Novice: 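Provided herewith is a single structure, encoded as structure tokens, for subsequent inquiry.
These numbers come from a predicted model, not from an experiment.
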Amino acid sequence: MAGKLAAPVLPAPGTPMVDIRGLSTVFELPGRRFTVHENLDLTVQRGEVLSLVGGSGTGKTVLLRQILGLEHPAAGEIRVLGRPVAELGQRGAASRVGMLFQHGALFSAFTVLENIAFPLSELRTLPAELVREAAIVKLQMVGLKPEDGAKMPSDLSGGMIKRVALARALIMDPPLLLLDEPTAGLDPDSSDGFVTLLRALHRDLALTVIMVTHDLDTLFELSTRIAVLADRRVIVNGPPKDVIAFQHPFVHDFFLGPRGQRAMELLREYPFAV
């Protein structure tokens, strides 16, 4: 109905927000067939913050794009909010799944407010003033001021770009939020501030979050579970303490290498992650 935005329908209680079964991802290159995922399974329950970690080429971002419906696996099934992801794509998944891309992916010719409002504007069902008001609400929700709405992306710091991109990801009030390296490229203070913001939004908006990150600080401050991608599948999936104890070369190098002491300190500082 014009002037109204339907609330996203959540799956029935007990139904996973994301359920991936038997997923295989194959890329065809000249003279070569490259398999990224093979018979991969992954389940994400409502309210979780699940972090995906893995080495280069393990298909972490590819998996996010498949959950969003932007890419399609060679085999297997992905269900999002209790429905096949292909069904969500028929009417667009923007109202159900928000995506924060690694570098923000803001439109350079749009103002901050126009960037945030873009998904709502594209619906063409809401009055322009209502769309603008919704964008201002989201702008302030991520810690920016109304006057920042008139700025161009070229005027923004790295931290502000992340916040604007996050506001745009939340403009449709999605119950599921995907984050691709949310703190990459930020200085320590900006990173800490963004992590604090994400934690508050997860709590206040009852979000389910799937996050790709290489940053151990971000990983341990936000994750309720960690899924490790290696050997073309999820080799371990559980609370941080259990994942660190898992015997695998990547797990050892990632968590218990030069940054290991820092990781263990964070586990002690944030006991909810254990």
Side-chain angles (χ1 to χ4, degrees), residues 8-28 33-102 169 172 174-182 202 206-214 218-219 222-240 242-243 246 248 250-251 254:
V9 178
L10 291 173
T15 302
M17 293 290 280
V18 176
D19 193 17
I20 302 173
R21 298 293 169 191
L23 181 139
S24 293
T25 303
V26 179
F27 292 107
E28 299 283 352
R33 180 181 172 89
F34 185 63
T35 300
V36 178
H37 306 131
E38 188 171 24
N39 200 29
L40 181 150
D41 295 332
L42 182 66
T43 299
V44 184
Q45 300 295 340
R46 187 182 304 186
E48 288 192 293
V49 179
L50 178 98
S51 292
L52 295 171
V53 302
S56 177
T58 54
K60 303 178 296 295
T61 297
V62 169
L63 195 57
L64 290 187
R65 292 175 63 85
Q66 290 171 339
I67 293 170
L68 194 60
L70 297 177
E71 295 185 15
H72 305 287
E77 182 183 39
I78 302 175
R79 298 183 69 87
V80 178
L81 279 69
R83 299 171 57 191
V85 71
E87 291 185 12
L88 296 180
Q90 291 172 4
R91 299 183 61 186
S95 65
R96 300 165 179 85
V97 185
M99 177 75 184
L100 173 62
F101 295 94
Q102 181 172 347
M172 306 284 278
L176 176 62
L177 179 64
L178 309 182
L179 308 174
D180 191 5
E181 298 287 1
H202 169 251
L207 292 169
T208 301
V209 179
I210 303 175
M211 172 176 66
V212 169
T213 184
H214 286 92
T218 301
L219 190 72
L222 292 177
S223 305
T224 54
R225 276 196 302 135
I226 299 172
V228 179
L229 294 179
D231 306 328
R232 302 177 181 175
R233 59 188 176 86
V234 176
I235 59 169
V236 61
N237 179 9
D242 294 347
V243 170
F246 186 77
H248 188 277
F250 173 80
V251 173
F254 187 81

Novice: Just wondering, do Val228 and Phe246 contact through their side chains at under 4.5 Å, heavy atoms?
Specialist: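 Side-chain contact under 4.5 Å: no.
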
Novice: Give a yes or no on whether the backbone of Gly47 and the side-chain of His202 come within a donor-acceptor separation of less than 3.5 Å.
Specialist: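 Yes; at least one donor-acceptor contact below 3.5 Å.
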
Novice: In Å, rounded to the nearest 0.5 Å, how long is the span from OG1 of Thr213 to CD of Glu181?
Specialist: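 It comes to 5.0 Å.
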
Novice: Just to verify, which of Leu100, Ile67, Thr61, Val212 counts as forming a side-chain contact (heavy atoms from CB on, under 4.5 Å) with Leu178?
Specialist: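 Between Leu178 and the candidates, side-chain contact (heavy atoms from CB on, under 4.5 Å) is satisfied uniquely by Ile67.
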
Novice: Just jot down the salt bridge (charged side-chain N to carboxylate O under 4.0 Å, His left out) partners of Asp180, sequence neighbours excluded, or say none.
Specialist: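 So Asp180 forms no salt bridge (charged side-chain N to carboxylate O under 4.0 Å, His left out) with any residue.
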
Novice: Got Val209 and Leu222 here, is their nearest side-chain heavy-atom distance under 4.5 Å?
Specialist: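 Answer no - side chains too far apart.
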
Novice: Determine the minimum heavy-atom distance between Gly82 and Thr15, stating which atoms define it.
Specialist: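 Shortest heavy-atom contact: CA-CG2, 4.0 Å.
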
Novice: In Å, rounded to the nearest 0.5 Å, how long is the span from CD1 of Ile210 to CG of Leu50?
Specialist: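 The CD1 atom of Ile210 sits 6.0 Å away from the CG atom of Leu50.
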
Novice: What heavy-atom pair brings Thr35 and His37 nearest, and what distance separates the two atoms?
Specialist: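 In terms of heavy atoms, the two residues are closest at CG2-O, 3.4 Å.
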
Novice: Sequence neighbours excluded, which residues qualify as ring-ring contact (aromatic ring centres under 6.0 Å, His included) partners of Phe101?
Specialist: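 Partners of Phe101 under the ring-ring contact (aromatic ring centres under 6.0 Å, His included) test: none.
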
Novice: Does a side-chain heavy-atom distance below 4.5 Å link Arg79 with Pro84?
Specialist: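 With C-beta onward as the side chain, the pair touches.
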
Novice: Quick check: do Pro16 and Gln45 have side-chain heavy atoms less than 4.5 Å from each other?
Specialist: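 Yes. Closest side-chain heavy atoms under 4.5 Å.
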
Novice: Scan the side chains in residues 231-240 for donor-acceptor partners under 3.5 Å anywhere in the protein, sequence neighbours excluded, and list what turns up.
Specialist:
| residue | atom | partner | partner atom | Å |
| --- | --- | --- | --- | --- |
| Asp231 | OD2 | His248 | NE2 | 3.1 |
| Arg232 | NH1 | Glu38 | OE1 | 3.3 |
| Asn237 | OD1 | Arg225 | NH1 | 2.6 |

Novice: May I ask you to test the Leu52-Leu42 pair for a side-chain heavy-atom distance under 4.5 Å?
Specialist: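 Yes - at least one pair of side-chain heavy atoms lies under 4.5 Å apart.
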
Novice: Nearest heavy-atom pair of Ser51 and Ser223: which atoms, and what distance?
Specialist: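 In this case the closest contact between Ser51 and Ser223 is OG-OG, 2.6 Å.
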
Novice: Please name the pair of heavy atoms, one in Asn39 and one in Gly22, separated by the smallest distance, quoted to 0.1 Å.
Specialist: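 For Asn39 and Gly22, the tightest heavy-atom pair comes out as OD1-CA, 3.3 Å.
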
Novice: Can you tell me how far the CG atom of Asp19 sits from the CZ atom of Arg83, to the nearest 0.5 Å?
Specialist: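 Nearest 0.5 Å value for the CG-CZ distance: 15.5 Å.
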
Novice: Determine which pairs satisfy salt bridge (charged side-chain N to carboxylate O under 4.0 Å, His left out) with at least one residue from residues 63-76, sequence neighbours left out, and list them in order.
Specialist: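 For residues 63-76, and leaving out neighbouring residues, the salt bridge (charged side-chain N to carboxylate O under 4.0 Å, His left out) pairs sorted by first residue read Arg65-Glu71.
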
Novice: Any side-chain heavy atom of Thr25 within less than 4.5 Å of one from Gln66?
Specialist: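 Side-chain contact under 4.5 Å: yes.
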
Novice: How would you list, by chain and number, every residue that makes a side chain to side chain contact (heavy atoms under 4.5 Å, CB included) with Thr58, sequence neighbours excluded?
Specialist: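 Side chain to side chain contact (heavy atoms under 4.5 Å, CB included) list for Thr58, sorted by chain: Lys60, Leu229.
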
Novice: Who passes side chain to side chain contact (heavy atoms under 4.5 Å, CB included) against Arg46, sequence neighbours left out?
Specialist: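 With neighbours one apart ignored, the set is Leu10, Pro11, Met17, Thr208.
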
Novice: Tell me, do Val36 and Leu63 make a side-chain contact under 4.5 Å, heavy atoms counted?
Specialist: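 Result no, sub-4.5 Å side-chain heavy-atom pair not found.
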
Novice: My understanding is that only one of Leu177, Leu179, Ile226 makes a side-chain contact (heavy atoms from CB on, under 4.5 Å) with Met211; could you say which?
Specialist: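 Passing option: Leu179.
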
